[in-house]
Chemist: 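Right, I'll just put the structure down here and ask away after.
Remember, it's a predicted structure, so these values are computed and weren't measured experimentally. Labels below follow one simple rule: chain letters A, B, ... track the order of the sequence lines, proteins then strands, and each chain is numbered from 1.
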2 protein chains.
Amino acid sequence: MDAAVRVLDRVGFHQMRIKDVTHEAGVATGLFYHYFKDLRQLVDEVLDAHIAEFEAVDVIEREVSKGDWFNRLRAHYEICVRVHAEHPGIMRCIAQFSADDPVFRERWKRSFNRRLDLLVEVFPYVFPDCRLSTPEVELLVHGLSGVGKELMAEYYIDRDPVLRQVELSQEAMAEWLAALLYRGLFACNPPAEQLRHAQQILTIRRN
Amino acid sequence: MDAAVRVLDRVGFHQMRIKDVTHEAGVATGLFYHYFKDLRQLVDEVLDAHIAEFEAVDVIEREVSKGDWFNRLRAHYEICVRVHAEHPGIMRCIAQFSADDPVFRERWKRSFNRRLDLLVEVFPYVFPDCRLSTPEVELLVHGLSGVGKELMAEYYIDRDPVLRQVELSQEAMAEWLAALLYRGLFACNPPAEQLRHAQQILTIRRN
DNA sequence: GTTGAAGTTGAATTCAAATTCAACAATAAT
DNA sequence: ATTATTGTTGAATTTGAATTCAACTTCAAC
């Protein structure tokens with residue numbers, strides 16, 4: 001029901017009423033119950049559909065070579081940035097729904113972090129000197145994967161005016177975030193020749 | 001009203017009812033309105049009090065020298081980790097309330113990021129080669145400050161069983177997160193002699 | 001063109017929670 | 001001791017939204 005998407009966009013998850021949806025769709029209130037048990041189910045279906053859509057994009061973009069970590073991270077952030085930039089209303093709703101519902105939160109987190117799972121798997125081969133156990137690596141990657149999450153929310157959903165002073169293309173934002181995560185992970189800069197927008201990051205170093 | 005804290009802890013912000021609170025406090029329903037306009041105001045006051053308390057701790061711990069960035073970051077995370085570990089219910093509630101209410105979200109974010117503001121201010125002196133404008137630096141620091149946020153939520157609030165396999169003291173968690181953020185910021189490891197729990201991070205490097 | 005299944009309506013009903021309030025209790029002020 | 005102020009009660013009322021449902025419409029099948 002795309003009427004639901006428009007309402008979610010406008011009023012958010014917690015303010016949404018059944019009447020809002022049926023009215024937006026131009027049908028009678030009672031009809032709602034032919035299609036959905038309650039609002040929660042509707043929202044669940046709407047968000048699921050969107051998450052599935054995001055994941056579809058995701059599959060398409062898997063052509064990056066396995067060892068090229070910077071470009072993998074970049075691809076990860078390009079997807080994140082795109083869904084934030086193009087569906088800010090849905091993303092806000094996902095955030096609201098997640099804050100409430102642990103089951104949904106888990107589902108969303110998995111979908112989001114799936115692209116980083118490979119990193120957890122191959123960690124021992126990438127960093128052979130490192131004796132961390134798998135759960136420790138998971139913890140590490142989860143810690144790092146927070147890079148940019150709030151920023152994307154503030155920039156694309158809240159449209160924070162201070163941050164908005166910086167005009168960044170989606171590509172540039174993704175590259176910056178990938179570069180920051182890369183530094184956290186490898187303790188060094190990404191290869192300079194792969195930077196298209198964030199060359200300045202190379203100058204962020206203690207002299 | 002500490003009854004409110006217990007209810008928030010138990011049922012969360014959106015499930016909380018006025019009756020829950022008055023019953024928990026052992027008083028009549030109507031009495032609620034002598035003290036508060038509505039639930040939102042109550043929650044607002046409860047959370048405000050806690051945020052103020054967190055900030056008080058925060059002031060006490062300011063004895064770290066200005067140039068010692070790793071220990072500043074560590075102090076920042078020690079406070080974050082402590083409030084998550086010791087007040088998981090409140091933190092969950094803050095997350096829920098933030099997701100809904102942009103005004104509160106802004107207030108919380110400010111309180112959380114205040115300790116990193118210094119970094120934004122002195123950025124041009126720490127990184128003299130870097131020509132980023134103030135809003136760009138703000139964006140950068142916001143991006144990095146996400147390190148560990150979700151992890152703390154999953155570890156201390158949701159108590160994710162996978163992550164819980166790793167037993168970490170509050171100090172150790174803070175040190176790990178500080179080290180990760182440090183790497184993102186400086187593209188190098190923190191000084192080895194300052195590491196008390198996270199020496200292993202030095203081994204996370206490409207050979 | 002008759003039948004029945006599925007879709008559609010919106011007023012009526014139910015429901016849960018918020019809110020009010022008149023009466024009562026405790027305490028302090030004079 | 002009297003009065004005033006403030007705290008407290010919980011049943012009664014109000015509110016606003018969820019939910020039901022009997023009647024109506026479409027439309028495809030035979």
Side-chain angles (χ1 to χ4, degrees), chain A residues 1-50 52 89-105 107-108, chain B residues 1-50 52 89-105 107-108:
Chain A
M1 197 85 97
D2 26 342
V5 176
R6 289 194 297 275
V7 176
L8 280 174
D9 233 22
R10 202 170 51 240
V11 305
F13 169 55
H14 287 109
Q15 315 310 321
M16 180 166 67
R17 298 289 170 261
I18 286 173
K19 233 196 259 185
D20 296 334
V21 180
T22 51
H23 183 261
E24 175 78 31
V27 298
T29 333
L31 190 53
F32 180 88
Y33 295 92
H34 263 276
Y35 296 102
F36 309 100
K37 189 167 69 61
D38 55 19
L39 277 174
R40 184 159 280 260
Q41 189 200 326
L42 166 60
V43 173
D44 219 70
E45 286 182 22
V46 168
L47 295 187
D48 259 3
H50 277 270
I90 295 296
M91 296 309 289
R92 187 188 51 173
C93 185
I94 286 178
Q96 294 175 333
F97 206 61
S98 291
D100 268 4
D101 182 333
V103 177
F104 180 81
R105 173 163 64 245
R107 181 145 42 104
W108 170 239
Chain B
M1 199 82 101
D2 24 344
V5 176
R6 289 194 296 276
V7 177
L8 280 174
D9 233 21
R10 202 170 50 242
V11 305
F13 169 55
H14 287 109
Q15 315 309 322
M16 181 166 66
R17 298 290 170 261
I18 285 173
K19 233 197 262 186
D20 296 334
V21 180
T22 53
H23 184 259
E24 175 79 31
V27 298
T29 333
L31 190 54
F32 180 88
Y33 294 92
H34 263 276
Y35 296 102
F36 309 100
K37 191 166 66 60
D38 54 19
L39 277 174
R40 183 159 281 260
Q41 189 200 325
L42 166 61
V43 174
D44 218 70
E45 287 183 21
V46 167
L47 296 186
D48 258 3
H50 277 269
I90 295 294
M91 297 309 290
R92 187 189 50 173
C93 183
I94 286 177
Q96 294 174 332
F97 207 60
S98 291
D100 268 3
D101 181 335
V103 177
F104 180 81
R105 174 163 62 245
R107 180 145 44 102
W108 169 239

Chemist: Are A:R40 and A:D101 packed together at the side-chain level, in the sense that at least one heavy-atom pair is separated by less than 4.5 angstrom?
Modeler: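 When only atoms from C-beta onward are counted, A:D101 and A:R40 do touch, with a gap below 4.5 Å.
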
Chemist: How long is the line joining CG of B:L31 and P of D:dT9, in whole Å?
Modeler: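 Result: 6 Å.
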
Chemist: Take B:D20 and B:R10 through the salt bridge (charged side-chain N to carboxylate O under 4.0 Å, His left out) test and state the conclusion after the steps.
Modeler: CA-CA 10 Å; B:D20 296 334; B:R10 202 170 50 242; over 6 Å; no

Chemist: Atom CG of A:D20 to atom P of D:dG16: distance rounded to whole Å?
Modeler: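 One finds 14 Å between P of D:dG16 and CG of A:D20, rounded.
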
Chemist: Would you check if B:H50 and B:I94 make a side-chain contact, meaning some heavy-atom pair closer than 4.5 Å?
Modeler: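 Result no, sub-4.5 Å side-chain heavy-atom pair not found.
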
Chemist: Taking A:F36 as the fixed residue, which of A:L42, A:L31, A:I18, A:V21 is the one that meets the side chain to side chain contact (heavy atoms under 4.5 Å, CB included) rule?
Modeler: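 Answer to the side chain to side chain contact (heavy atoms under 4.5 Å, CB included) test with A:F36 among A:L42, A:L31, A:I18, A:V21: A:L42.
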
Chemist: For A:A25, give me all partners under side-chain contact (heavy atoms from CB on, under 4.5 Å), at least two apart in sequence or on another chain.
Modeler: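 So A:A25 forms a side-chain contact (heavy atoms from CB on, under 4.5 Å) with A:A3, A:V27.
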
Chemist: Can a side chain N or O of A:Y35 be found less than 4.0 Å away from OP1 or OP2 on C:dT8?
Modeler: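 Checking C:dT8 against A:Y35, a side-chain N or O does come within under 4.0 Å of OP1 or OP2.
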
Chemist: I'd like to check B:F13 versus B:L39 (side-chain heavy atoms, cut-off strictly below 4.5 Å). Are they in contact?
Modeler: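 With C-beta onward as the side chain, the pair stays apart.
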
Chemist: Taking atom P of D:dT26 as reference, at what distance in whole Å does atom NE2 of A:H34 sit?
Modeler: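 Whole-Å distance recorded here is 16 Å.
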
Chemist: Each nucleotide in nucleotides 11-19 of chain C should get exactly one letter: B, S or -. Can you fill that in based on protein heavy atoms under 4.0 Å?
Modeler: ------SSB

